[in-house]
Each structure stands twice: as structure tokens, then as C-alpha cells.
Asker: 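Just dropping this structure here.
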Amino acid sequence: MSVDYDIVIIGGTFAGRSAALKAVQQRAKVALVEPLFRNELIQLQGIGEVGKVFGKLNNLNRLGFLSQPQKKEEFQISLEKTVLWGCAVAANINEQLSPAFLTGQGVDVIVGNGNFEAVPDLSFIVNNRKLTARNFLLATGSIPAIPDIAGLRKTSFLTLLDIWQVLESSTPPRNWVILGGTPQSVEIAQSLARLGYQVTFIINHPYIISSVDREVAQLMQAQLEVDGVRVLTQTVVTQIRFIEGKKWLQAGDTAIETDEILVAVAEKPFIESLNLAAVGVKYNSRGLLVDKKLQTTNRRIYACGDVIGGYNLPNIADYEAKIAVKNALLFPRYKINYRAIPWGILTQPGLAQVGLTQRQAKNRYGKNDVLILRQYFKAIATAQFTDETTGICKIIVRRNGEILGASLLGAEAKELINVIALAIAEKIKINKLANLSPVYSSFSEIIEQTAWEWSKQKFENARLQDFWDGVFYFLRNRS
């Protein structure tokens, strides 16, 4: 059977464009179908960076370091300019993987919505054009999932897809309620609070993000509260009503009045109108079902990114795209392994994680075989110099020195986590990290100092063992 392409990629995401570039670099004949392209993550990071500046200005003003006390409104940057700046940055970054660039590299870029057909052979129909290929890759991403709360759909609300239009208005809402427990909801809650808005953050879990190490999650929650975010955990919103021009939420036993509601509780796969059932691709509310080779239940259709579930994290989607493209173009033998793939949240201070958390490690290896190494950012000089003392580095290891995972909250966390991720990937033991001699003064010292805790614990355990050996020897020979 003759086909038009080696691979057809369906998706308006960075993962889709990145996969197209990787495929064409392997001299494959590639088509990229783009129904929608999303860039709100870059805009969100832009607003986060401006929020960081506001946080520093507020601290300087509070500590009296500014030449004259400044009123809040005197250095308040308009949100309209902030969002425009975020859009400009997004446009610059998008240009690096723009349709024009990809076309120049040899990718056939097709803009439009389409669907699969199984008869007479597997193909994808877009703009009345039939695309055939040896294999297909779905990288369509996800869209906000709307929770089933009484009155929510009758009351207007926002999602991360349309928040930018509201922030660009001349009179954006001053009082916000954010429903969620995802990286993006945490980021936007902190950014809005630092930009001077009243924010209530509601999560129905005990911790702000369930997949984050519990100790680190508690510290992050404390930072949100310092920034002015009202955080309500283990709280369920039962109904929402619109009364006399205001929105009211019943959150547990508390009634909350607000100007605007942002729903960011979860994502669902963006797969509408793809006709996946006709080609045997199974999915659930969280995402497409794939195996470790990223094949769907139709072996000729692969998938990557948040369309298969999980958080909307570009670096993880890019890693999955690499595996999926290699399997689709070559023999499918590469398997996904998330153990050494880090991820992070664009908060201030940053939060990053790789591998197992403390709880996961102890459940898998047992309490007696797992050591928890901690060091706080306030212990390093550069944190003192830059007033970035809030933070913790936790490294989870086995007694033999094998690194199982790490969680960081602090300045440059998203950079520092890459060192530990590399150590996990290359099976480098913790004593090697303890022997690092990072440039002084730098935030990298936190890794060395945390790793050194393993040597201290090992020495203390050895002394304790010697003590008990001596006691047992005395008891055996006292007669």
C-alpha cells in the first residue's frame, strides 16, 4: 500500500511542532495538521516574571531600601502592558517553531480540523484532503475540564484559555476565586496576588498539588499565603450563584463573594471530532490510553503530551515526542521512563521535582532503606546576598547511595533539578554529588550541602552500630 507520508502529526501544541521538526530531521516525509495552537503557558510565565518584580519591589518598600516610600499605585505596572509583553515573548518563541520555519525544513503544514477514517484504509481527512501515512501521532494537547458544580454553568466563569482577554480589559476584576490544584492554577494565583489582586485559592485535596512532596507543598502554600493568597484546602465547592451583580460560592461552610471565578481544576484531552472510536483508539476522561511505547490501542497511532493525561508540562511532552517519533519512524522498541524526567512550576520561589517523593520511596523500598536528606536555602551565601532565603532541597536516597528522587523549592530550582535528574539518569550515587565543588557563591552549593548529609548520616549510623556492637559484646562477656 502506497502512502503519502512517513508520519502525519495531528496537534496544535509545542509537542506537535517539536515532533514534526524531529521527524523531518530524520529525513522522514512529514505532515503536520494544526487545528489550534496554544501559547498561554508562555504568557503565564511572562506574568509570573512581572509578579516576581512586584514581589521584590514590595519587599524593598517594606524594608525601607527605596529612597522614598512608594505607594503601591506609583509602581503598579498595568496588566494590559504585562499581557502584551507576554504575548510578544510568546510570538518570539513561537517563531522558532513557526509554520513558516517548519515548512522551510520540509514539513507539510496543514491548518484545519479533521478526523480519522478507517475505510478503505487508515487515513486522516482535513480540508477535504485525504492524508495517508505509515503511522500517525496525536499531539493535540488538552483543554480545561469543567467540574460538575451546581450553578457553575449558569454563572459566567473563566478558564486559562480565555483569562488573557479579561486581563487585557481596562477594568479587570479585582477579586478572584481560583478553583484548582494544578501547576498552572498555583502559578496564576501567586501572580495575580503579587499584582495587587485579591485571590482566594480553593483545593479539595489536603495539599495544593497532590503530586508534589508533602513537605515542599506545605512550604509552597505558606509562600502563597505570605503573598496574600487566601488558601482553602480540603474544601469542596457545592454551589455557585449570581446575586445582585456578584458571584457567590458555597465553599464548605463558608460563603465567598467574588468578582470572577477561574476554573483550573483539571484538563481533558482535546480530541473532539477526531472520530477515534472508528479507528479503535480508546480513551477515558483523563486522556488517550497508551502503552510504554506510546502506542494507542491502534498500533499505527501514537500519542504524546497532555492528550495522554497528566499536567500540561512542555518538557515532558517534548520527551514523549522524542520517544513517539523514534518508534513511529523506526522499529517500536523505545519505552517511556519518567524516573529521570524533571518537572517544575513557575512560582516564586520556583518548585521542581524529579523521581520519587519521600512517601513513594518509603512505600516502594521500605522505611529502613530510605534516607531523607535536607538542606535549607538560608544556609548558602548566595541566598543571603540575593534575599532568596526561602527554600528547601530534599534528596531521597537508599542507604547504598542510590538517588531515588528530589524535590526543591527555592531560587533557580528549575535549573538545579536538572543536575539531580542527570545523576539519576546516569546512575550516579549521592557521594559523587557530595564531592562537587561548585563556584562560590552560587545556588548550586545547595546540592553539595544536601548530598553531604548522606555522609553525616552514614557516619552517625556507623557510630551507633559500633556502640550497640560494644554493648552486645560486653553483655556476652561480662561473666
Side-chain angles (χ1 to χ4, degrees), residues 44-67 70 72 75 77 82 89 183-184 186-196 199 201 208-209 212-229 231 315 342-354 372-395 406-421 433-434 436-453:
L44 179 58
Q45 183 173 3
I47 286 188
E49 292 298 324
V50 173
K52 180 179 180 180
V53 173
F54 270 80
K56 286 186 176 294
L57 286 173
N58 284 325
N59 286 336
L60 290 172
N61 189 50
R62 176 175 53 84
L63 296 172
F65 282 104
L66 297 180
S67 57
Q70 302 289 309
K72 197 171 192 177
F75 56 79
I77 303 172
T82 301
V89 173
Q184 289 75 37
V186 173
E187 292 164 358
I188 199 67
Q190 185 184 53
S191 297
L192 288 176
R194 288 193 166 195
L195 289 166
V199 180
F201 189 44
I208 57 173
I209 300 180
V212 170
D213 178 272
R214 292 183 173 183
E215 182 179 5
V216 173
Q218 289 175 329
L219 291 173
M220 186 68 247
Q221 178 178 333
Q223 180 61 53
L224 290 179
E225 291 170 341
V226 168
D227 289 326
V229 179
V231 181
N315 70 305
W343 61 280
I345 305 177
L346 304 175
T347 50
Q348 307 296 336
L351 191 158
Q353 192 164 286
V354 66
I372 311 301
L373 313 179
R374 291 181 183 84
Q375 187 58 271
Y376 295 91
F377 273 64
K378 63 184 179 181
I380 60 175
T382 194
Q384 299 286 344
F385 290 141
T386 59
D387 193 28
E388 299 278 5
T389 55
T390 300
I392 184 175
C393 176
K394 286 183 66 175
I395 303 179
S407 300
L408 285 93
L409 176 71
E412 305 300 333
K414 61 186 177 182
E415 299 292 344
L416 298 172
I417 198 69
N418 296 319
V419 176
I420 304 174
L433 294 184
L436 286 175
S437 296
V439 173
Y440 182 86
S441 63
S442 67
F443 284 105
S444 299
E445 292 178 78
I446 195 73
I447 296 177
E448 176 204 20
Q449 293 190 19
T450 307
W452 185 248
E453 293 294 316

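Computed over heavy atoms, backbone and side chain alike; hydrogens, waters and symmetry mates excluded.
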Asker: Working to the nearest 0.5 Å, report the span between SG of C393 and CD1 of I420.
Answerer: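 Rounded to the nearest 0.5 Å, the SG-CD1 separation comes out at 4.5 Å.
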
Asker: Kindly give the heavy-atom pair with the smallest separation between K394 and E215, and that separation in Å.
Answerer: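 So the minimum-distance heavy-atom pair works out to NZ-OE1, 3.0 Å.
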
Asker: With the side chain counted from C-beta on, respond yes when I446 and T450 share a heavy-atom pair under 4.5 Å apart, and no when they do not.
Answerer: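 SC-SC contact between I446 and T450 confirmed.
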
Asker: Would you say F201 and L192 make side-chain contact, with heavy atoms under 4.5 Å?
Answerer: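 Answer no - side chains too far apart.
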
Asker: Between L409 and L219, what is the shortest heavy-atom contact and its length?
Answerer: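 So the minimum-distance heavy-atom pair works out to CD2-CB, 3.6 Å.
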
Asker: Please report the interatomic distance CG(L351) to CD1(I345), rounded to the nearest 0.5 Å.
Answerer: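 Taking CG in L351 and CD1 in I345, the distance rounds to 4.5 Å.
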
Asker: So, do N418 and P342 sit near enough that their side-chain heavy atoms are less than 4.5 Å apart?
Answerer: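 Side-chain contact under 4.5 Å: yes.
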
Asker: Does the side chain of L408 reach to within under 4.5 Å of the side chain of I392, using non-hydrogen atoms?
Answerer: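 Of all side-chain heavy-atom pairs linking I392 with L408, none is under 4.5 Å.
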
Asker: Quick one: closest heavy-atom pair of S441 and A381, and the distance?
Answerer: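 Closest heavy-atom pair between S441 and A381: CB-CB, 4.1 Å.
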
Asker: Can you name the closest pair of heavy atoms from V354 and A421 and give their distance?
Answerer: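 Of all heavy-atom pairs spanning V354 and A421, the closest is CG2-CB, 3.9 Å.
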
Asker: Just how far is it from atom CZ of R194 to atom CD of Q348, taken to the nearest 0.5 Å?
Answerer: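 R194 CZ to Q348 CD: 6.0 Å, rounded to 0.5 Å.
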
Asker: Which of these, E448, Q449, E445, sits in a side chain to side chain contact (heavy atoms under 4.5 Å, CB included) with Q375?
Answerer: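 Going through E448, Q449, E445 one by one, the side chain to side chain contact (heavy atoms under 4.5 Å, CB included) with Q375 is satisfied by Q449 alone.
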
Asker: Identify the heavy atoms of S442 and T382 that sit nearest to each other, and give their distance.
Answerer: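 Taking S442 first and T382 second, the nearest heavy atoms are C-CG2, 3.3 Å.
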
Asker: Considering all heavy atoms of both residues, which atom of V229 and which atom of A193 are nearest to each other, and what is their separation?
Answerer: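 That closest heavy-atom pairing would be CG2-CB, 3.5 Å.
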
Asker: Check whether any side-chain heavy atom of Q353 lies under 4.5 Å from a side-chain heavy atom of D213, and answer yes or no.
Answerer: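 The answer is yes; the side chains approach within 4.5 Å.
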
Asker: Between E388 and F377, is there a side-chain heavy-atom distance shorter than 4.5 Å?
Answerer: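 Contact flag for F377/E388 side chains = no.
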
Asker: Just checking, any donor-acceptor pair under 3.5 angstrom between side chains of T347 and Q190?
Answerer: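 The criterion, which ignores hydrogens and geometry beyond distance, is not satisfied for Q190 and T347.
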
Asker: Run the numbers on R374 and E453 for salt bridge (charged side-chain N to carboxylate O under 4.0 Å, His left out), then give the verdict.
Answerer: CA-CA 7 Å; R374 291 181 183 84; E453 293 294 316; over 6 Å; no

Asker: Calculate, to the nearest 0.5 Å, the distance between atoms CG and CZ belonging to D387 and F385 respectively.
Answerer: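 D387 atom CG to F385 atom CZ measures 12.5 Å (nearest 0.5 Å).
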
Asker: Should V439 and S444 count as side-chain neighbours, where that means a heavy-atom distance under 4.5 Å?
Answerer: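 A side-chain contact under 4.5 Å is absent here.
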
Asker: So do F443 and T386 actually touch side chain to side chain, heavy atoms under 4.5 Å?
Answerer: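 Counting from C-beta outward, T386 and F443 do come under 4.5 Å.
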
